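All of these numbers come straight from a predicted model, not from anything done at the bench.
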Amino acid sequence: YVDLRVLPRFPEVMKRAARAYAQVAQSAGHYDVVMGIPEAGNPLATAFSLETGTPQIYLRKEEKTGHGIAGNFMTPIIEGETVLLIDDLVTQADSKLEAIGTLESSGLVVHDVVVLVDREQGGAKQLADAGYRLHAALSFSKLLDYYHRTGRIDEAKYQKAKDYMAVQGGPCANTKRI
């Protein structure tokens, strides 16, 4: 299990994550604004926004009616803008595709999704099949190799994770990595 939701507890690590996102986003096409996939992606998109000076929009989990900004967004949107989506990781792309559907039905454009970790379990292919590009800072297999090489996980845990990945279909070749 890769838990990147702990990153906001460590501001210096969040700064490094923001720089990694900024570096990975250089391979993305043009974008006007950034948006995190609720919930895990929101603080990461904020860190990216502050690092790069890119305006940020927020998607609500549930549509709002009444006072304030009604609808799906907590921030104003401008139809026709291109959104760079940010999330912590990708396993399958269901949450990304759901967010993209909401964005596109609101008149926004999406081409690229940026994550820190591609778990290599089909998310990149799922996005590519739907016409979107995934950009990942790291693959799960490279992260796993690093943890093993540096002694952060022992041989038994390393092999168990490798076996699990083999059963899940192995690395996905459609992901751009740094």
Side-chain angles (χ1 to χ4, degrees), residues 1-28 34-52 58-59 61 83-103 110-178:
Y1 182 72
V2 178
D3 186 4
L4 298 174
R5 293 171 187 248
V6 301
L7 291 179
R9 293 283 296 173
F10 306 95
E12 289 305 315
V13 177
M14 278 292 281
K15 288 178 187 178
R16 290 199 313 251
R19 288 190 294 272
Y21 277 110
Q23 185 177 357
V24 173
Q26 290 177 5
S27 65
V34 63
M35 187 190 87
I37 305 285
E39 297 291 327
N42 286 337
L44 299 166
T46 298
F48 175 87
S49 174
L50 294 170
E51 174 71 20
T52 63
Y58 280 90
L59 180 64
K61 283 201 88 92
V83 180
L84 177 68
L85 285 181
I86 289 188
D87 208 359
D88 56 346
L89 55 82
V90 62
T91 304
Q92 293 293 311
D94 297 341
S95 65
K96 282 86 174 138
L97 293 170
E98 182 181 336
I100 289 169
T102 301
L103 291 166
V110 178
H111 299 294
D112 299 282
V113 177
V114 178
V115 297
L116 283 179
V117 178
D118 176 5
R119 289 186 44 125
E120 303 173 287
Q121 292 179 281
K125 183 176 182 336
Q126 199 176 355
L127 285 166
D129 289 349
Y132 306 100
R133 295 178 297 259
L134 178 70
H135 309 269
L138 293 166
S139 66
F140 181 74
S141 57
K142 287 189 189 272
L143 188 61
L144 187 62
D145 289 344
Y146 171 78
Y147 282 144
H148 182 248
R149 187 175 64 252
T150 59
R152 288 182 170 85
I153 59 171
D154 62 25
E155 183 65 31
K157 286 182 182 173
Y158 176 74
Q159 198 54 54
K160 183 177 180 180
K162 293 289 267 188
D163 292 346
Y164 177 80
M165 290 300 294
V167 170
Q168 297 301 314
C172 215
N174 294 341
T175 303
K176 296 179 182 178
R177 296 179 187 87
I178 60 168

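- Between the CD atom of Glu12 and the CZ atom of Arg16 there is a distance of 8.0 Å, given to the nearest 0.5 Å.
- With sequence neighbours left out, the side chain to side chain donor-acceptor pair (under 3.5 Å) criterion links Gln126 to Asp94.
- Nearest heavy-atom pair, Asp88 versus Ala40, reported as atom, atom and distance to 0.1 Å: OD2-CB, 3.5 Å.
- The minimum heavy-atom distance between Ala18 and Ala47, with the atom names listed, is CB-O, 3.5 Å.
- At least one test fails for Arg152 against the ring of Tyr147: distance under 6.0 Å to the centre or angle within 45° of the axis.
- Between Leu138 and Leu143, the closest heavy-atom pair is CD1-CD1, 4.0 Å.
- When the side chain to side chain contact (heavy atoms under 4.5 Å, CB included) test is applied to Asp112, the partners found at least two apart in sequence or on another chain are Ala28, Leu84, Arg133, His135.
- Looking at Val115, Leu59, Val110 one by one, the single match for side-chain contact (heavy atoms from CB on, under 4.5 Å) with Leu85 turns out to be Val110.
- Shown here for Ala124 and Asp118, the closest heavy-atom pair between the two residues is CB-OD2, 4.1 Å.
- Rounding to the nearest 0.5 Å places CE of Met14 at 6.5 Å from CG of Leu7.
- Rounded to the nearest 0.5 Å, atoms CD1 (Ile100) and NE2 (His111) are 11.0 Å apart.
- Smallest separation of non-hydrogen atoms from Val34 and Ala45: CG1-O, 4.1 Å.
- In this structure, Leu44 CG and Tyr21 OH are separated by 4.0 Å, a value rounded to the nearest 0.5 Å.
- In this view, Lys162 and Leu144, Asp145, Tyr158, Gln159 satisfy the side chain to side chain contact (heavy atoms under 4.5 Å, CB included) rule, not counting sequence neighbours.
- If you take CG on Leu103 and CE on Met35, they are separated by 4.0 Å, rounding to the nearest 0.5 Å.
- Residues Thr52 and Ala22 approach most closely at CG2-CB, 3.7 Å, considering heavy atoms.
- Side-chain contact annotation: Tyr58 with Thr46, donor-acceptor N/O pair under 3.5 Å present.
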Given Tyr132 and Leu97, is the side chain to side chain contact (heavy atoms under 4.5 Å, CB included) satisfied, shown in steps?
CA-CA 9 Å; Tyr132 306 100; Leu97 293 170; 4.0 Å; yes
Run Glu51 and Arg19 through side chain to side chain contact (heavy atoms under 4.5 Å, CB included) and show every step you take.
CA-CA 7 Å; Glu51 174 71 20; Arg19 288 190 294 272; 3.3 Å; yes
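- To the nearest 0.5 Å, atoms CD (Gln121) and CD (Gln92) are separated by 7.0 Å.
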